[in-house]
Every structure is written in structure tokens, then in C-alpha cells.
J.: 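I have a structure here, written as C-alpha cells, and I will follow up with some questions on it.
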Amino acid sequence: TAVASQSSGLRRRRDGFRGATTLRAMASRKKHIELLRTVPLFAGCSNKELDRIARSGDEVTMTAGTLIADQGQTGREAFIVLDGEVNVHRNGRKVTTLGPGSIVGELSLLDRGPRTATVTAATDVSLFVMAQRNFIAVLDDVPALSHKLLASLAAKVRELDRQYYG
């Protein structure tokens, strides 16, 4: 029989047929790859590298008002907004609202330092979540990715320096 059930957000059939699950997962990964391509941190990555990154995370949904990251707490993952909006607060003051393609918590991919801002769901949101340990595994599997990410981070530091010092 072909009775469908929900498991891990994927549609599965009890008769053991996994084709629908595979196709849905592939479509979801393709969507994640296209969005990852727009994230400045991953802009220089090849399709193969983006696919590896997409396989290292999970999609989650959160309702409006949900705390995503808390300033001062240790970060262990980064979040990329797939759909919806998040508010970013620093020291109790709203800094910005971010939408699809925006990344928050990216410093947590590199270290386990304290969060630099508080992030809450401004609307119901879908997020791509990548844990630091998974990201480090990607870097181990694809060493060339480290160089691209270092160049991306250097560009970000230069831009912040230009904004701050003129």
C-alpha cells in the first residue's frame, strides 16, 4: 500500500518506496544550493561545494517571536533565512531586519565565542541551520573551500574597516 506518513519533514511511503522522499529531498537541496549561492560568505563556491554545504545542514521552521540566537550566549551554529524575516538586536537596540538569503551567527562556524547579537523571528521563518561541527567537516572534505571563505571574510573585514574608519 502507498500510505504516506511524515518523518523528519519528508514524505515517506510505508510500502518502502523512497522515490518521493528522494525527489523531495533533492528539490529541497537544490533550493538550498540556490540560496547559499546568494550568501556572500559562500559566493565564491562551486556547485559541488555548495551541494556539500547544503548536505551539512537542516531546514527548520520557527514561529514569529521565537528566539533564534541570544547575545552573549555561546554560539554553535549559523542560520540562513530561507523564508520570512528575523530581527537583530544588539545591546537591547534593534539593529536591522533581515530576510531571505541573510545569514546570522556565521562567526559561530569559526569559533565558539559569544553571540554578538540577539536574533528573533519577526515573522514565521524557515531557516537553514548549519552546526559548527558539520561546517568544519565540510572544510576538512573540501580544503579549497577554506581559501574561498578566508577571502570572503577578509573582504567583509575590509568593508567594516572602511565603514568604521572611512
J.: Treating Glu49 as the side-chain partner and Ser46 as the backbone partner, does any N or O pair qualify as donor plus acceptor under 3.5 Å?
T.: yes

J.: Which heavy-atom pair separates Val81 from Leu35 by the least distance, and what is that distance?
T.: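 That closest heavy-atom pairing would be O-CD2, 3.3 Å.
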
J.: Find out if a path of hydrophobic residues (ILVMFWY) with successive side-chain heavy-atom gaps under 4.5 Å connects Val39 to Phe135.
T.: yes

J.: In terms of hydrophobic clustering (I, L, V, M, F, W, Y; side-chain heavy atoms under 4.5 Å; direct or indirect links), are Leu109 and Leu50 co-clustered?
T.: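 Looking at the clustering, Leu50 is in the same group as Leu109.
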
J.: Side-chain contact, heavy-atom cut-off 4.5 Å: Glu85 with Leu98?
T.: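 With C-beta onward as the side chain, the pair stays apart.
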
J.: Could you identify which residues cluster with Tyr165, counting Ile, Leu, Val, Met, Phe, Trp and Tyr as linked when any side-chain heavy atoms lie under 4.5 Å apart, either directly or through a chain of such contacts?
T.: Tyr164

J.: With sequence neighbours excluded, what pairs up with Phe79 under the ring pair (Phe, Tyr, Trp, His ring centres under 6.0 Å) test?
T.: none

J.: Could you walk me through whether Met62 and Leu127 pass the side chain to side chain contact (heavy atoms under 4.5 Å, CB included) check?
T.: CA-CA 8 Å; Met62 297 184 179; Leu127 303 166; 3.9 Å; yes

J.: So, Arg112 and Gln132: side-chain donor and acceptor under 3.5 Å apart, yes or no?
T.: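 Judged by distance alone, the side chains do pair up.
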
J.: Are any of the side-chain heavy atoms of Asp58 and Phe128 separated by less than 4.5 Å?
T.: no

J.: Does a donor on one side chain and an acceptor on the other come within less than 3.5 Å for Glu59 and His32?
T.: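 Yes, because at least one side-chain N or O of Glu59 sits under 3.5 Å from a partner of the opposite role on His32.
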
J.: Tell me, with the steps shown, if Asp51 and Arg29 meet side chain to side chain contact (heavy atoms under 4.5 Å, CB included).
T.: CA-CA 7 Å; Asp51 181 64; Arg29 189 163 54 218; 3.0 Å; yes

J.: Side chains of Ile80 and Leu36: closer than 4.5 Å at any heavy-atom pair?
T.: yes

J.: Among the clusters formed by ILVMFWY side chains lying less than 4.5 Å apart, do Val60 and Ile103 turn up in the same one?
T.: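 Unlinked, Val60 and Ile103 end up in two clusters.
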
J.: Looking at Ala64, is its backbone amide N or carbonyl O close enough to the side chain of Asp124 to form a donor-acceptor pair, meaning the two atoms are under 3.5 Å apart?
T.: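 Checked: pair present.
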
J.: According to a 4.5 Å side-chain heavy-atom criterion applied to Ile, Leu, Val, Met, Phe, Trp and Tyr, with indirect links allowed, do Leu110 and Phe42 form part of one hydrophobic cluster?
T.: yes

J.: Looking at side-chain heavy atoms only, is the closest gap between Leu82 and Pro100 below 4.5 Å?
T.: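 Leu82 vs Pro100: side chains apart.
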
J.: Would you say the side chain of Val95 lies within less than 4.5 Å of the side chain of His89, judging by non-hydrogen atoms?
T.: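 A side-chain contact under 4.5 Å is absent here.
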
J.: Would you please say whether a donor-acceptor pair under 3.5 Å links the side chains of Ser108 and Arg115?
T.: yes

J.: If every non-hydrogen atom of Thr63 is compared with every non-hydrogen atom of Thr66, which pair is closest and at what distance?
T.: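 The pair with the smallest heavy-atom distance is O-OG1, 2.7 Å.
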
J.: Do any pairs count as a side-chain hydrogen bond (donor to acceptor under 3.5 Å, both in side chains) and have a residue in residues 134-146, sequence neighbours left out, and if so which ones?
T.: Arg52-Asp141

J.: Determine the minimum heavy-atom distance between Gly72 and Pro114, stating which atoms define it.
T.: O-CB, 3.5 Å

J.: Do Glu34 and Lys31 sit within salt-bridge range, that is, some charged N less than 4.0 Å from a carboxylate O?
T.: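 Salt bridge: no.
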
J.: Taking side chain as C-beta onward, heavy atoms only, is Val86 less than 4.5 Å from Val125?
T.: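 Counting from C-beta outward, Val86 and Val125 do come under 4.5 Å.
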
J.: In terms of heavy-atom contacts, does CZ of Arg37 have more than 12 from other residues, nucleotides or ligands at under 6.0 Å?
T.: yes

J.: As an exercise, state the distance from CG of Asn87 to OG1 of Thr96, rounded to the nearest 0.5 Å.
T.: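 Going from CG on Asn87 over to OG1 on Thr96, the span is 8.5 Å.
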
J.: Can you tell me if Gln71 uses its side chain to pair, donor with acceptor, with the backbone of Asn91 under 3.5 Å?
T.: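 A pair under 3.5 Å: yes.
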
